[in-house]
Amino acid sequence: MVLKRFLGSKATRSFTVVSVLAEMKRALDRGHNARAILLLAVAVLAWKWAVIGLVAHGLASLIRRDESEHSSSQPA
């Protein structure tokens, strides 16, 4: 019950939306336009369901980490 109230709070939803929008900006800066559009859609949904935004933010971080590991392991 407490977790449901926490995830439904305005502060949590706002934080989730802002973090997803930051991921969207990062995707745009790196030229990943399709990912940025998807993250924008997730940000809209995250206002209603904070869990969606938290999961998307986690997945975006994992994808970004995986991409950086692949790019650093390849010779220049």
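We're numbering straight along the sequence, starting at 1.
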Quiz prompt | Residues which pass side chain to side chain contact (heavy atoms under 4.5 Å, CB included) with Val55, listed by chain and number, not counting sequence neighbours | solution = Val51, Leu59

Exercise. Determine the minimum heavy-atom distance between Thr16 and Ala46, stating which atoms define it.
Key: CG2-CB, 4.0 Å

Donor-acceptor list for residues 22-30 side chains, cut-off 3.5 Å, not counting sequence neighbours:
unit_1: Glu23; atom_1: OE1; unit_2: Arg64; atom_2: NH1; d: 2.6
unit_1: Glu23; atom_1: OE2; unit_2: Arg26; atom_2: NH1; d: 3.1
unit_1: Glu23; atom_1: OE2; unit_2: Arg64; atom_2: NH1; d: 2.8
unit_1: Lys25; atom_1: NZ; unit_2: Asp29; atom_2: OD2; d: 2.9

Quiz item: Heavy-atom distance under 4.5 Å between the side chains of Lys10 and Phe15, does that happen here?
Solution: no

Quiz item: Would a hydrophobic clustering, with Ile, Leu, Val, Met, Phe, Trp and Tyr connected at side-chain separations under 4.5 Å, put Ile52 with Leu40?
Solution: yes

Quiz item: Linking I/L/V/M/F/W/Y whenever any side-chain heavy atoms sit under 4.5 Å apart, do Val17 and Leu45 land together?
Solution: yes

